There are 2 protein chains.
Amino acid sequence: MRVESARVAIVSGGGCVGSVPKSGYLAIKGYISTMIRSKEWPPGHLLPTETELAAQFDCARATVNRALGELAEEQIIDRRRKAGSRVRDGRERMANLKIQFPCREIEAMGKDHRYVSLKREMCALPMLLQNIGETRLEDQCLRTEGVHYASETPFQFERSWFRRNAFPELFQEGGKVKAPCITLLEKNPFYHGSLCVSASKANHIEARHLGIKVGEPLINKEYILTDGLEGTPVAVMQIRYKPDYSISCIF
Amino acid sequence: MRVESARVAIVSGGGCVGSVPKSGYLAIKGYISTMIRSKEWPPGHLLPTETELAAQFDCARATVNRALGELAEEQIIDRRRKAGSRVRDGRERMANLKIQFPCREIEAMGKDHRYVSLKREMCALPMLLQNIGETRLEDQCLRTEGVHYASETPFQFERSWFRRNAFPELFQEGGKVKAPCITLLEKNPFYHGSLCVSASKANHIEARHLGIKVGEPLINKEYILTDGLEGTPVAVMQIRYKPDYSISCIF
DNA sequence: AAGTGGTCTAGACCACTTA
DNA sequence: AAGTGGTCTAGACCACTTA
């Protein structure tokens, strides 16, 4: 009975077609979304208080609080104590971008993943892996280059650096060399870090191994991975894609 | 007293340094995060039930439910009724990417935004703006080209298409031409849509207006905007950036 | 000082999923 | 049939912010 009255409020309030909310807090969320997206409540508009909405939907304030909390997390509204909830100006939005390491990205396309190692050498710690304020620079680094194949087609050129004391197992490998990303994921599937997307021209090595011409545009992803507990940067992965590759997301 | 016991559990449970949770549900969240990120609970591990955690932290089950609910939303754990909560294998992550229209992106850098219109012409509806299953193709389209300046430096080359019946105001403009994105944001700040990032070579027009050489790599963003209430595609914006531009996010 | 959101409690009923 | 998570209630106390 109570839920029914909320549903009626939605349909009459905004004409939200085809989305029947299953439960109370989603009904409230849908009603408010509709009011905002139909511009009945424009940016800057002050929403009713939680208490008022609870009365309007004949539900507990906690239910309203959940609905408004999710809308705030989705950056549709701004909430401040005493000041109330306001419709945001929607000029900045967030989209969800999927983060996938090379091996996983190829598997997700339904293709076989194969890694061909081109280079493995020790080097000094690059700037990107140096902690801010860090004085001990004695730590060594493994620099790798290799190509990831998606079912016999070269798909990604990878150039990476791994801090030695974070990945001792990478320095003990003999025989067939595994893709570095596989070792990473086996070690810790919950890395945090940053991703930077840019464009560059293919140099001779990249062009040869990706099967394109020198100077063709490449899309680059550069991951900087940090250790989950301490936040120390432990690895840099630079991944280059042929120009037919693109990155998509919805918002 | 109750909160205190939860805090003790965190510190002893995982050695989470420097992050003192302010309230109960964050304490529980922090404890579980630490157990997972320290690999004490590996991927696939079955978490205690909500009831067990509520007893352990001496709090209500709703408090545990909030903590677990947020961890599920962050894709750290998977939750299923009767089956319980399990640690996810972390091979796919999500990062938040900021969506900013050209004018807003330049303002956010603290620079002045100026738009120079290069072309405005009518054309047929491009494929990208055709609704799936749509039969009425009589709708016309405005095609624009222009450059966005960030304090006198050309920053973005924009090529866009706007469905006429969605943006009648764009077709009535006289005098100085506003940047299309400004008209869009004034009309509706809450567009949904998709973003596709790719790379290409600068052609003559793009190179001349961005002040770079023909053939230099560009980063492209292509937005397809849909109407908030009906989901119809109403505009396509192709934005090209010089190769010194990059897109960053954290995860 | 007063209003508003943030969080928590103790209990409830239900939905879903597995055994 | 039984266990688990999903959601809701009615009430409470507190934190923050504005007037």
Side-chain angles (χ1 to χ4, degrees), chain A residues 1-10 19-32 41 44-88, chain B residues 1-10 19-32 41 44-88:
Chain A
M1 195 63 171
R2 299 189 160 186
V3 173
E4 276 315 302
S5 71
R7 282 184 188 161
V8 169
I10 279 190
S19 64
V20 181
K22 289 119 203 160
S23 63
Y25 90 90
L26 287 175
I28 300 168
K29 224 182 129 176
Y31 166 71
I32 295 169
W41 292 351
H45 178 85
L46 186 64
L47 270 64
T49 65
E50 293 191 348
T51 312
E52 286 166 354
L53 284 166
Q56 180 180 338
F57 281 86
D58 191 17
C59 67
R61 188 170 73 86
T63 305
V64 175
N65 180 269
R66 176 164 186 186
L68 293 179
E70 289 196 2
L71 288 168
E73 195 161 348
E74 292 164 21
Q75 302 170 76
I76 307 294
I77 63 173
D78 260 337
R79 315 195 72 199
R80 270 168 42 237
R81 284 174 182 160
K82 168 73 180 172
S85 301
R86 284 182 187 277
V87 179
R88 285 189 66 157
Chain B
M1 194 63 171
R2 300 189 159 186
V3 173
E4 276 316 300
S5 70
R7 282 184 187 161
V8 169
I10 279 190
S19 63
V20 180
K22 291 119 202 160
S23 63
Y25 90 90
L26 287 175
I28 300 169
K29 223 182 130 177
Y31 166 71
I32 295 169
W41 292 351
H45 177 86
L46 186 64
L47 270 65
T49 65
E50 293 191 348
T51 312
E52 286 166 353
L53 284 167
Q56 181 181 338
F57 282 86
D58 192 16
C59 68
R61 188 170 73 86
T63 306
V64 175
N65 180 271
R66 175 164 187 186
L68 293 180
E70 290 197 1
L71 288 167
E73 194 162 349
E74 292 164 21
Q75 302 170 77
I76 308 293
I77 62 174
D78 260 335
R79 315 195 72 199
R80 270 168 43 236
R81 284 174 181 161
K82 167 72 180 173
S85 301
R86 286 181 187 278
V87 179
R88 285 189 66 157

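The structure displayed is predicted, hence computed values, not measured ones. Proteins get letters first, then strands, A, B, ... in listed order; numbering begins at 1 in each.
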Just the rounded figure in Å: distance from [atom2] of [N] to [atom1] of [X].
| X | N | atom1 | atom2 | result |
| --- | --- | --- | --- | --- |
| Ile77(A) | dT4(C) | CD1 | P | 15 Å |
| Glu70(A) | dG5(C) | CD | C1' | 16 Å |
| Ile32(A) | dG5(C) | CD1 | C1' | 14 Å |
| Leu46(B) | dT4(D) | CG | C1' | 10 Å |
| Leu26(A) | dC8(D) | CG | C1' | 12 Å |
| Asp58(A) | dC8(D) | CG | C1' | 12 Å |
| Leu47(B) | dG3(D) | CG | C1' | 16 Å |
| Leu71(B) | dG5(D) | CG | P | 13 Å |

Check this for me: does any side-chain nitrogen of one of Arg79(B) and Glu50(B) sit under 4.0 Å from a carboxylate oxygen of the other?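 Salt bridge: yes.
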Ion pair present between Glu74(A) and Arg88(A), side-chain N to carboxylate O less than 4.0 angstrom?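 Looking at Arg88(A) together with Glu74(A), the answer is no, because their closest N to O distance does not fall below 4.0 Å.
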Any side-chain N or O of [X] under 4.0 Å from OP1/OP2 of [N]?
| X | N | result |
| --- | --- | --- |
| Asn65(A) | dG5(C) | no |
| Ser85(B) | dT4(D) | no |
| Arg79(A) | dT4(C) | no |

Closest nucleotide of DNA chain C for Leu68(A) versus for Ala62(A): which of these residues is on the 5' side? Leu68(A)
Report the nucleotide, chosen from [options], that has the shortest atom-to-atom distance to any side-chain atom of [X].
| X | options | value |
| --- | --- | --- |
| Thr63(A) | dT9(D), dG5(C), dT4(D) | dT9(D) |
| Lys82(B) | dC16(C), dG6(C), dT7(D) | dC16(C) |
| Arg81(A) | dC8(C), dT9(D), dG6(C) | dG6(C) |

Does atom CD of Glu73(B) have more than 12 heavy-atom neighbours, drawn from other residues, nucleotides or ligands, at distances under 6.0 Å? no
Can you find a pair of side-chain heavy atoms, one from Arg86(A) and one from His45(A), that are under 4.5 Å apart? no
Contact between Leu46(B) and Val87(B) at the side-chain level, heavy atoms closer than 4.5 Å - yes or no?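 When only atoms from C-beta onward are counted, Val87(B) and Leu46(B) do not touch, as no gap falls below 4.5 Å.
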Could you check whether Thr51(B) gets within reach of a base, just the sugar-phosphate, or nothing at all, counting any heavy atom under 4.0 Å?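 Counting heavy atoms under 4.0 Å across all strands, no contact is made by Thr51(B).
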Under 4.0 angstrom, heavy atoms only, what part of the nucleic acid is Arg61(A) near: base, sugar-phosphate, or nothing?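 Arg61(A): base contact, heavy atoms under 4.0 Å.
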For dG6(D), what is the paired nucleotide under Watson-Crick or G-U wobble rules, both distances under 3.5 Å? dC13(C)
